[in-house]
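I have placed the structure first, in the form of C-alpha cells, so that the comments after it can refer back to it.
Sequence positions, counted from 1, serve as the residue numbers for this chain. Since the structure is predicted, the reported quantities are computational estimates derived from the model, not experimental observations. Atom set for the values below is all heavy atoms of this structure, side chains included, hydrogens, waters and symmetry mates excluded.
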Amino acid sequence: MLKVLEHPLITHKLTQMRKKETGTKDFRQNLDEIAGLMAYEITRDLPLEPVQIETPVQTCNTFTLGKEIVLVPILRAGLGMVNGICNLIPTVKIAHVGLYRDEETLEPHTYFEKYPKTIHDGIVMIVDPMLATGGSACAAIEMVKRQGAKNIRLVCLVGAPEGVAAVEKEHPDVDIYLAALDEKLNEKGYIVPGLGDAGDRIFGTK
C-alpha cells in the first residue's frame, strides 16, 4: 500500500531540498529532519508490550516497544536518512545493503550486505531518498526477505509512479511511504521534477 505523508513541515523542507541552489549542508540538514518526521508518522502502529517500572513516586504499569526496529539504508544515498531516524529511535539496529545502478541498463547490482541477527523478527525499514525505477528497492526488499524479514516498510522521500508500480507488483506485501509522489521518470531514469542525484547532493560529490 502506498502512503504519501502530506505534512506541512515535510512539504516545506522538501521544497528547500528541491531547489538547485541548496548546498550540501542545508540539503543534509533538511533530509535529516524529514527522515525524523517521516519516522514519527510511520511508527504510529508499532506494537507495544506491558511492563512494570518504578518511578520516583511508586510502581507504574506502562508500555514499551514490543518489537526491535531494523533500519536498512540502501548505500550510499540511504545513509543520509539514518541520523534523522536514529535521533527519534536511538535503539534501532542498522543493516547495510550496497547497491548501484547500471547507468545504461538501469539494473541494480549488489556489492555489500550486512545484517543484525534479529532482522527476521524485527520491523524492517528500508530507506532510500529516491524511488525511481524501483529496481534497487525491489532488490533490497528481496535481500532482506532472504534473511527472514516479514514486516517490511519502504521509506523514500520522492517517488515516481513507475517505481511505485514496480514495487507494488513484485512485493505487494510491503507498504511504501513517500514524502512526495512526483510526475514521471525522464529518459535517463531520473525523477521529474525530483531533486537531482540525492547521493551527490548529500555527499557533495558533484
Side-chain angles (χ1 to χ4, degrees), residues 1-7 10-11 13-15 17-20 27 30-31 34-35 37-39 41-42 70-82 84-85 95-113 123-146 149-203 206:
M1 181 184 298
L2 171 64
K3 300 176 184 179
V4 180
L5 303 177
E6 297 179 345
H7 190 288
I10 291 175
T11 301
K13 293 174 187 298
L14 182 57
T15 296
M17 294 181 68
R18 288 187 191 272
K19 293 178 181 177
K20 65 180 181 180
F27 192 90
N30 279 290
L31 180 56
I34 292 175
L37 289 166
M38 291 184 73
E41 293 293 329
I42 291 164
V70 179
L71 197 58
V72 186
I74 299 177
L75 304 179
R76 65 179 168 146
L79 290 173
M81 299 179 69
V82 170
I85 297 174
H96 291 87
V97 170
L99 294 167
Y100 70 90
R101 188 169 68 160
D102 187 291
E103 293 298 328
E104 293 185 6
T105 66
L106 304 183
E107 290 297 313
H109 298 276
T110 306
Y111 64 87
F112 186 76
E113 293 181 70
I123 294 171
V124 176
M125 296 170 60
I126 298 174
V127 295
D128 195 359
M130 313 300 284
L131 176 58
T133 64
S136 294
C138 287
I141 293 167
E142 185 60 39
M143 290 160 74
V144 298
K145 282 184 174 180
R146 287 200 296 266
K150 298 178 180 64
N151 190 331
I152 304 169
R153 305 169 188 207
L154 176 64
V155 185
C156 305
L157 257 68
V158 178
E162 296 91 332
V164 171
V167 174
E168 288 179 335
K169 180 180 179 182
E170 290 194 32
H171 301 285
D173 55 326
V174 174
D175 286 335
I176 304 168
Y177 295 88
L178 299 177
L181 179 63
D182 277 11
E183 182 184 340
K184 62 180 180 179
L185 296 178
N186 65 16
E187 66 280 358
K188 294 183 179 180
Y190 280 88
I191 299 172
V192 177
L195 46 74
D197 187 303
D200 284 335
R201 296 192 71 187
I202 292 165
F203 298 108
K206 260 191 185 176

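- Ala139 is linked by a side-chain contact (heavy atoms from CB on, under 4.5 Å) to Leu99, Pro108, counting only residues two or more places apart in sequence or in another chain.
- Expressed to the nearest 0.5 Å, how far CG of Asp173 lies from NE2 of His171 amounts to 7.5 Å.
- Taking the side-chain contact (heavy atoms from CB on, under 4.5 Å) definition, one finds that Asp197 meets it with Arg76, Tyr190, Asp200, sequence neighbours left out.
- Across Met38 and Ile10, no two heavy atoms sit closer than the pair CG-CD1, 4.0 Å.
- Annotation for Gly78 and Asp128: closest pair N-OD1, 4.0 Å, computed over non-hydrogen atoms.
- Ile123 places a side-chain heavy atom less than 4.5 Å from the side chain of Arg153.
- Side chains of Cys156 and Met130 form no contact here, defined as non-hydrogen atoms less than 4.5 Å apart.
- Distance check, rounded to the nearest 0.5 Å: CG of Leu79 to CG of Leu31 gives 10.5 Å.
- Summarising the geometry, atom CD belonging to Glu113 is positioned 6.0 Å from atom CZ belonging to Arg146; distances are rounded to the nearest 0.5 Å.
- Across every non-hydrogen atom of Ile74 and Ser136, the tightest pair is CD1-O, 4.0 Å.
- For Glu168, the side-chain contact (heavy atoms from CB on, under 4.5 Å) test picks out Leu2, Val164, Ile176, with sequence neighbours left out.
- When every heavy atom of Ala95 is checked against every heavy atom of Pro73, the shortest pair comes out as O-CD, 3.0 Å.
- Counting heavy atoms from C-beta on, the side chains of Leu157 and Met17 come closer than 4.5 Å.
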- Message: Run the side-chain contact (heavy atoms from CB on, under 4.5 Å) test on Ile141 and Glu170 for me, step by step, so that the C-alpha distance in whole Å, both residues' side-chain angles and the decisive distance to 0.1 Å come before the verdict.
- Response: CA-CA 9 Å; Ile141 293 167; Glu170 290 194 32; over 6 Å; no
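- When all heavy atoms are compared, the tightest approach of Ala35 to Gly84 is CB-CA, 4.3 Å.
- Contact of the Pro129 side chain with the Leu195 side chain is not registered, since no non-hydrogen atoms from C-beta on lie closer than 4.5 Å.
- For the pair Leu185/Ile191, a side-chain contact is recorded, criterion being any heavy-atom separation below 4.5 Å from C-beta on.
- Under the salt bridge (Lys or Arg N to Asp or Glu O under 4.0 Å) criterion, Lys184 pairs with no residue, sequence neighbours left out.
- Legend: residues meeting salt bridge (Lys or Arg N to Asp or Glu O under 4.0 Å) with Glu142, ordered by chain and number and at least two apart, are absent.
- In this structure, Ile42 CD1 and Ile85 CD1 are separated by 7.0 Å, a value rounded to the nearest 0.5 Å.
- When every heavy atom of Ala137 is checked against every heavy atom of Val167, the shortest pair comes out as CB-CG2, 4.0 Å.
- Separating the CD1 atom in Ile34 from the CE atom in Met81 is a distance of 8.5 Å, to the nearest 0.5 Å.
- For Ala180, the side-chain contact (heavy atoms from CB on, under 4.5 Å) criterion is met by Leu14, Arg18, Asp182, not counting sequence neighbours.
- A distance of 4.5 Å separates CG of Asp175 from NZ of Lys3, quoted to the nearest 0.5 Å.
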